[in-house]
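The block underneath contains the structure these notes are about, expressed in structure tokens.
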Amino acid sequence: MSRFYLTTAIDYVNSRPHLGTAYEKIAADIIARYKRLSGFDTRFLMGNDEHSQNVYKRAVEQKLDPLAYCDQMEQEFRDTWRRLDISFDDFIRTTEPRHTAGVVELARRIHDAGDIFEGTYEGWYCEGCEAFKQEKDLVGGHCPLHPAITPQWISEKNYFFRLSKYQQPLLEHFKTHPEFLQPDVRRNEILRLIEGGLEDISVSRAGQSWGIPLPFDPNSVVYVWFDALINYASAVGLGRDQSMFDAWWPADLHVIGKDITRFHAVIWPAMLMSARLPLPRQVFGHGFMTMNGQRMSKSLGTIVDPIKAADRHGADPLRLYLVKEIAFGGDGDFSWERYDERYNVDLANNLGNLVSRVAAMAHQYRQGRLIPVGASSNRLARVGEEAAASYRRSMDALALHDGAAAAFRIIDTTNEYIAETAPWKLAKDPASADRLTQVLFDAAEAIRLAAVLLTPMMPASSAEILRRVGASSDPLRLDRDARWRGDGERLIAQGGPLWPRFETPKEKISVTENPTPPPPAAPAAPSATSAVSAPGGDRIAIDDFMKVELRVAKVLAAERVPKSTRLLKLHVDVGTEQRTLVAGIAESYEPEALVGKSVVIVFNLKPAKLMGIESNGMVLAASPDGGKAIVVTFEEPPAPGTRVR
RNA sequence: GCCGGAGUAGCUCAGUUGGUGAGAGCACGCGUCUCAUAAGCGCGGGGUCGACGGUUCGAAUCCGUCCUCCGGCACCA
């Protein structure tokens, strides 16, 4: 039997999975289930990425051993995936010994190939800014912001991977394998990036303990990205079980988010080329999920909890909504309103109701037994066969949304067919007895066929529908079960509504009230003008707010960040000290215009590096949709350092 | 700023190599059946196909310019 090995990205464990993460797993799961249905011996891998400094820090914050913290997170992830009915065959964690074995093996191979070299990461370091400085940024050998401090020349030993060497081989591979990276938008972007030249990349970190030690220098650990990519190979036995590895490698498909395309379509294949291992057959970079048109972000409250979403109507309705609404590869939007709407239309009104009415008539007129007495309806059989063929074409091309739509064409046609044939009229005329039996049989058969096609999207619901129309649901095979079947007896089972209609309250959305009923509080559809409409049911306590320390800061100096269009580097006085911070306001403010102004900053924000500059704080500014930032200032500036609340 | 993609009905989108009077689903309105989950089915309103020029017998479709949005380079603090 031919095999199919597919993977999703492994997830950082520094927060619980949100709907965007879940979307990727659901899509991959639908592909995996489709492949099984198509008769492939399928292996579906997922996992967690644990060797990140952020994970380490998060664990330390919670006073946990990093591994214990990761164990805890693994449970959270597994719980979510179970709730969403994700049928992974294997789940790998980068802290497992089997992964280490794979990393060691691959690192050794690349090292043996001469593609790892020792280098130093070095530069001028300004203690005042706590950042490395470019030579060109220094004025007379000193940092312009700290003329009194002499910058230090610091260097750190690192190992580098000779990525540059693989520019041509990668271009060649892209040329000969147009399917390697999909969709095409992604492919073109990456092609241009490769054409623009590749730089060697650092693959190790010195002086850290959280990570996998390099086999040829135990004082360094493998850089987290290099480490993470290898999971796809270590999970199928690289460096540990050669026969298993031979059986499953190369992977047929890596399903990933578009943000990490470079790693999967450039670095990863180059690593494999260096190690003389076959390349994965395809990388698919899916789009992002937005919530009511806005990027999912914690601070905006636009994170959707996949478990809450599944609890609202069920895991299957959620899966169907995501895959049918969003063209696979493109970005997609989630809104509770739209989710409810699709649930009612597709499932309650069309599919669910169709199952109910056919079952009811089969029982009312034929005691639940349907035996075909003549030829099937030409129309239904033809639409069914056509839809099944189009479904397979779409699914093979990973056009999952089209696949789902094809299945629903059968359902729509069956509803039309019932209206046309009007079985309740046939039932009144004894002369039409055979005709009635056949009509009901055909309707049941059409439902069966649609349910088979929908199995990857809605595994549990499809099984229940198949049971109700008297068809078997275990080991389904597309080549056998996705054909119109005009023979055989059907014992129809009745049951309650598969998906009760969901009634949305009629009153219009208001800003203060919780607009939508129970499960998750559905934020009112915000107009395009307000980016900050707080979800009514998701307020924070005063204590939460008090964690944020806002203070008045006076701008002492400001300059543009080189090569950046949006960033300004500010040097500010916060009363007790002076700080450097970076703000994304260069599009609306000239640096000179800010000097001397008093602004509000988040004082107790963790430092972050932007364009190589460490930013110690964040300037508050309004961010109108599509407009330019407006910094919060004062008519009468208080003394620097004054607390704002 | 550079590169790429997109702008079609209130919303989400389809529209193959230019050619019958511009489509689908949802939402809305009307009608209708009664098997069914106030579901189904039928009909309908509504669009200067982003703007302006050009090529052509003919342009949503090809070309140019511009506007807006999105994405990547490259940065959400």
Side-chain angles (χ1 to χ4, degrees), chain A residues 183-193 195-196 258-259 261-262 285 287-288 290 293 295 297-300 324-327 330-333 335 337-338 341-342 344-365 401-402 405 408-409 411-428 436 439-440 443 494-503 525 528 561-569 581-587 601-602 605-621 623 625-626 629:
Chain A
D184 285 334
V185 216
R186 241 61 86 188
R187 181 183 137 83
N188 294 336
E189 275 168 17
I190 294 294
L191 255 174
R192 280 196 303 279
L193 183 134
E195 284 162 358
K258 63 181 181 180
D259 54 330
T261 313
R262 281 175 62 191
F288 283 153
T290 54
R295 178 128 191 208
S297 104
K298 265 183 219 163
S299 53
L300 287 174
K324 186 160 179 274
E325 275 287 285
I326 303 171
D331 291 342
D333 189 59
S335 79
E337 291 82 358
R338 187 80 178 155
E341 182 183 298
R342 297 317 314 171
N344 274 345
V345 173
D346 286 335
L347 297 176
N349 296 355
N350 288 338
L351 179 52
N353 184 49
L354 174 64
V355 172
S356 292
R357 63 198 302 212
V358 169
M361 288 189 282
H363 275 268
Q364 192 172 327
Y365 306 138
H401 54 294
D402 289 333
F408 272 83
R409 280 202 293 277
I411 293 154
D412 291 340
T413 307
T414 310
N415 270 322
E416 289 164 22
Y417 181 71
I418 290 176
E420 285 163 15
T421 52
W424 49 94
K425 284 184 185 160
L426 298 176
K428 289 174 184 157
L436 172 61
V439 163
L440 292 179
Q494 275 187 291
L498 290 160
W499 298 285
R501 208 180 142 74
F502 182 80
E503 295 304 335
V561 175
K563 294 186 66 182
S564 158
T565 49
R566 241 174 275 153
L567 298 183
L568 287 185
K569 181 165 75 177
L581 47 85
V582 177
I585 53 175
E587 285 179 310
I601 69 162
V602 180
L605 194 65
K606 282 183 194 167
K609 258 199 183 168
L610 292 169
M611 297 291 283
I613 301 165
E614 187 168 287
S615 180
N616 286 282
M618 164 179 171
V619 176
L620 293 195
S623 330
D625 273 357

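Because the structure is a prediction, the values reported are computed rather than measured. Naming convention: chains lettered A, B, ... in sequence-line order (proteins, then strands); numbering from 1 in each chain.
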First of A:Leu193 and A:Val358 reached from the 5' end of RNA chain B, by closest nucleotide: A:Val358
Separation of atom CZ in A:Arg187 from atom C1' in B:G71, rounded to whole Å: 18 Å
All N/O contacts under 3.5 Å from nucleotides 5-13 of chain B to the protein, with atom names and distances to one decimal?
none

Under-3.5 Å N/O pairs linking protein and nucleotides 32-34 of chain B:
residue, atom, partner, partner atom, Å
B:C33, O2', A:Trp424, NE1, 3.1

Sorted by number, the residues of residues 346-355 of chain A with heavy-atom contact under 4.0 Å to RNA chain B: A:Ala348, A:Asn349, A:Asn350, A:Gly352, A:Asn353
Residues forming a side chain to side chain donor-acceptor pair (under 3.5 Å) with A:Arg338, sequence neighbours excluded: A:Glu325, A:Glu341
Sugar-phosphate, base or nothing in reach of A:Pro423, heavy atoms under 4.0 Å: nothing
Exam field: side chain A:Asn350 to backbone A:Val345, donor-acceptor pair closer than 3.5 Å: yes
From CG (A:Asn353) to CG (A:Leu498), nearest 0.5 Å: 10.5 Å
A:Asp346 vs A:Trp499, side-chain contact (heavy atoms from CB on, under 4.5 Å): CA-CA, chis, key distance, verdict: CA-CA 10 Å; A:Asp346 286 335; A:Trp499 298 285; over 6 Å; no
Proximity to the side chain of A:Arg262 - top-ranked nucleotide from B:G71, B:A74, B:A27: B:A74
Rounded distance in Å - CD (A:Glu189) to C1' (B:C3): 9 Å
Residues that A:Asp402 engages under salt bridge (Lys or Arg N to Asp or Glu O under 4.0 Å), provided they are two or more places apart: none
Nucleotide of B:C26, B:C35, B:G71 approaching A:Val345 most closely (side-chain heavy atoms): B:C26
Under the side chain to side chain donor-acceptor pair (under 3.5 Å) test, residues paired with A:Glu195 that sit two or more places apart: none
Spacing of the P atoms in B:G7 and B:U17 (rounded, Å): 15 Å
Side-chain N,O (A:Arg192) to OP1/OP2 (B:C3) below 4.0 Å: no
Those residues that, when tested against A:Ile190, pass side chain to side chain contact (heavy atoms under 4.5 Å, CB included) (two or more places apart): A:Phe174, A:Leu181, A:Ile194, A:Thr261, A:Arg262, A:Ala265, A:Val266
For atom OH of A:Tyr417 and atom P of B:C41, their distance in whole Å: 16 Å
Listed partners of A:Arg501 passing salt bridge (Lys or Arg N to Asp or Glu O under 4.0 Å), at least two apart: A:Glu503
All side chain to side chain contact (heavy atoms under 4.5 Å, CB included) counterparts of A:Ala422, not counting sequence neighbours: A:Trp424, A:Lys425
B:G50 and B:G44, which share atom name P, separated by this distance in whole Å: 26 Å
Touch class at under 4.0 angstrom, heavy-atom based, for A:Met618 against every strand present: sugar-phosphate
Nearest-Å distance once atom C1' is located in both B:G31 and B:U68: 42 Å
Distance, rounded to the nearest Å, where A:Ile418 contributes CD1 and B:G42 contributes P: 13 Å
Distance, C1' atom - from B:U8 to B:A51, rounded to whole angstrom: 15 Å
Bracket string, RNA chain B, 5' to 3' - pairs by Watson-Crick or G-U geometry under 3.5 Å, | interstrand: (((((((..((((.....[...)))).(((((.......))))).....(((((..]....))))))))))))....
B:C43 to B:A9 separation - P atoms, rounded to the nearest Å: 22 Å
Upstream residue (5' side of RNA chain B) when A:Glu416 and A:Ser356 are each assigned their closest nucleotide: A:Ser356
With A:Gln364 via side chain to side chain donor-acceptor pair (under 3.5 Å) - residues at least two apart: none
Separation of B:G71 P from A:Phe288 CZ (nearest whole Å): 10 Å
Taking every non-hydrogen atom, the tightest pair across A:Val439 and A:Pro423: CG1-CG, 4.0 Å
Touch class at under 4.0 angstrom, heavy-atom based, for A:Arg186 against every strand present: nothing
Please output the side-chain donor-acceptor pairs of residues 354-363 of chain A that fall under 3.5 Å, not counting sequence neighbours, one pair per line with the distance.
residue, atom, partner, partner atom, Å
A:Ser356, OG, A:Gly352, O, 3.3
A:Arg357, NH1, A:Asn415, OD1, 2.8
A:His363, NE2, A:Ile492, O, 2.7

